[in-house]
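Heads up: the structure comes next, in structure tokens.
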Number of protein chains: 2
Amino acid sequence: MTPKPDAFHSHDHRHCSDQGLQRAEEILQSRKLRLTPVRRQALQILLAEHRALGAYEVLERLAAAGFGNQPPVAYRALEFLVEQGLAHKVRRLNAFAACMHPETDHAPVFLICRGCNALAETPAEQVRAALNAAAHAAGFTVERTSIEALGLCPACEAAA
Amino acid sequence: MTPKPDAFHSHDHRHCSDQGLQRAEEILQSRKLRLTPVRRQALQILLAEHRALGAYEVLERLAAAGFGNQPPVAYRALEFLVEQGLAHKVRRLNAFAACMHPETDHAPVFLICRGCNALAETPAEQVRAALNAAAHAAGFTVERTSIEALGLCPACEAAA
DNA sequence: TGGGTTATGTTATGATATAACGATAAATAT
DNA sequence: ATATTTATCGTTATATCATAACATAACCCA
Ligand SMILES: [Zn+2]
Ligand SMILES: [Zn+2]
Ligand SMILES: [Zn+2]
Ligand SMILES: [Zn+2]
């Protein structure tokens, strides 16, 4: 079978980026929230790469684009994007990544390549279902999850 | 059915703690590695509670027990314990917890109560299997995982 | 246009983590 | 036993990640 285009396979990335922005606009409009210039720029910065960026990395680029250059500038924009499900925090990396399907599937499962730093958000209903089942067996009520795998993407695995 | 005794249910905790230390000794002896005084004390500090402790929290207690009081003292001991599978890092909390079954089941799945900070390590073969399957479908080779759920333990849920 | 609300810039500080180096203790090899 | 090597520990310094607090500016809606 043909592999789906994802972070691990070359693809027309302009498409990811443009579509990401467009969806964000729609989503926020429907929620009557504002995609202000900093937020928009922060999202574009994240969308520009299929990898997670540290807050200070985002900050540098925001500053280069004419915005403030103090940490809260980046953290606030990122916090907003995360709250709205337009970005996620990758806990293993203390870093942030744009969400690749902001409308559905909102508890992300990440695959992080330690070779090239590529980050893929994989649909994983079943992983969440299994986690919910395990939690339920312990009488635990799940509110948020972090599910992340570190390893090698196909290309880096082949190279190794 | 009767709930298993775990972090979320009252139990003879002395047992957890004593057994944890004893297993650690056996495991390290079999690997010809040393459970030095700082390492032993760090493990006891983690074993004392069914919750995750920040490195600086551990450091305070190490210092109070007569060890050095600079960050590397704690970080080194914790790093060793984590490498040996005797403790885990809880990424959502940037904190560390003793492993509750150091011999088996070595990719932990954590349930973190946001009400009382209790932390349970739950056996979750199926969660890992599902994650491995999802990764495999993307051609990704999994090396390490972080699987964590934040929510409410039975007691806190009942209280809410 | 006034007045509440939301968002941004800025200063300062807090929290988490590691690099580097010298001193000490333990294991190993004569 | 003593020398040599290796692992561990203490300490200083610094890097990295994150937020509190407050002033200013933009937006929104009477
Ligand atoms: Zn997502
Ligand atoms: Zn890769
Ligand atoms: Zn216990
Ligand atoms: Zn609880």
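Order of the sequence lines fixes the chain letters, A, B, ..., with proteins taken first and strands second; residue numbering starts at 1 for each chain.
- Here the C1' atom of nucleotide dA18(D) and the CG atom of Leu59(A) are 12 Å apart, to the nearest Å.
- Between Asn94(A) and dT16(D) there is no side-chain N or O to OP1 or OP2 distance below 4.0 Å.
- With a 4.5 Å cut-off on side-chain heavy atoms, Thr122(B) and Val127(B) do not count as touching.
- Whole-Å rounding puts the Tyr75(B) OH to dT16(D) P distance at 15 Å.
- Checked against dA7(D), dT12(D), dG9(C), the side chain of Arg34(B) finds its nearest nucleotide in dA7(D).
- Among the heavy atoms of the strands lying under 4.0 Å from Arg39(A) are primed sugar atoms or P, OP1, OP2 only; no base atom is included.
- Map Gln70(A) and Gln70(B) each onto its nearest nucleotide of DNA chain D; the residue landing nearer the 5' end is Gln70(B).
- Whole-Å rounding puts the Glu57(A) CD to dA18(D) P distance at 12 Å.
- Within the 4.5 Å cutoff, the side chain of Arg34(A) has no heavy atoms near those of the Leu28(A) side chain.
- Between Pro71(B) and Val38(B), the residue anchored closer to the 5' end of DNA chain D is Val38(B), taking for each the nucleotide with the nearest heavy atom.
- The interatomic distance linking Arg92(B) (CZ) with dC17(D) (C1') rounds to 17 Å, in whole Å.
- What separates CG of Leu62(A) from P of dT8(C) is a distance of 11 Å, to the nearest Å.
- What separates CG of Leu35(A) from C1' of dT6(C) is a distance of 15 Å, to the nearest Å.
- Among the heavy atoms of the strands lying under 4.0 Å from Tyr56(B) is at least one base atom, whether or not backbone atoms are also near.
- Here the side chain of Arg31(A) pairs a donor or acceptor atom with the backbone of Gln84(A) at under 3.5 angstrom.
- For the pair Lys89(B) and dA17(C), the criterion of a side-chain N or O lying under 4.0 Å from OP1 or OP2 is met.
- Atom C1' of nucleotide dT16(C) and atom CG of Leu53(B) are separated by 15 Å, given to the nearest angstrom.
- Two residues, Pro72(B) and Pro72(A), neighbour DNA chain C, and the one matched to the more 5' nucleotide by heavy-atom proximity is Pro72(A).
- dA20(C) atom C1' lies 11 Å from atom CZ of Arg76(B), rounded to whole Å.
- The side chain of Thr36(B) approaches dT8(D) more closely than any other nucleotide in the set dA19(C), dT8(D), dA18(D).
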Let's go through Gln19(A) and Arg23(A) carefully: what are the C-alpha distance in whole Å and the side-chain angles of both, what is the deciding distance for side-chain hydrogen bond (donor to acceptor under 3.5 Å, both in side chains) to 0.1 Å, and is it a yes or a no? CA-CA 6 Å; Gln19(A) 196 176 58; Arg23(A) 281 196 206 164; 3.1 Å; yes
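- Note: His15(A) and His13(A) fail the aromatic proximity criterion, with ring centroids not under 6.0 Å apart.
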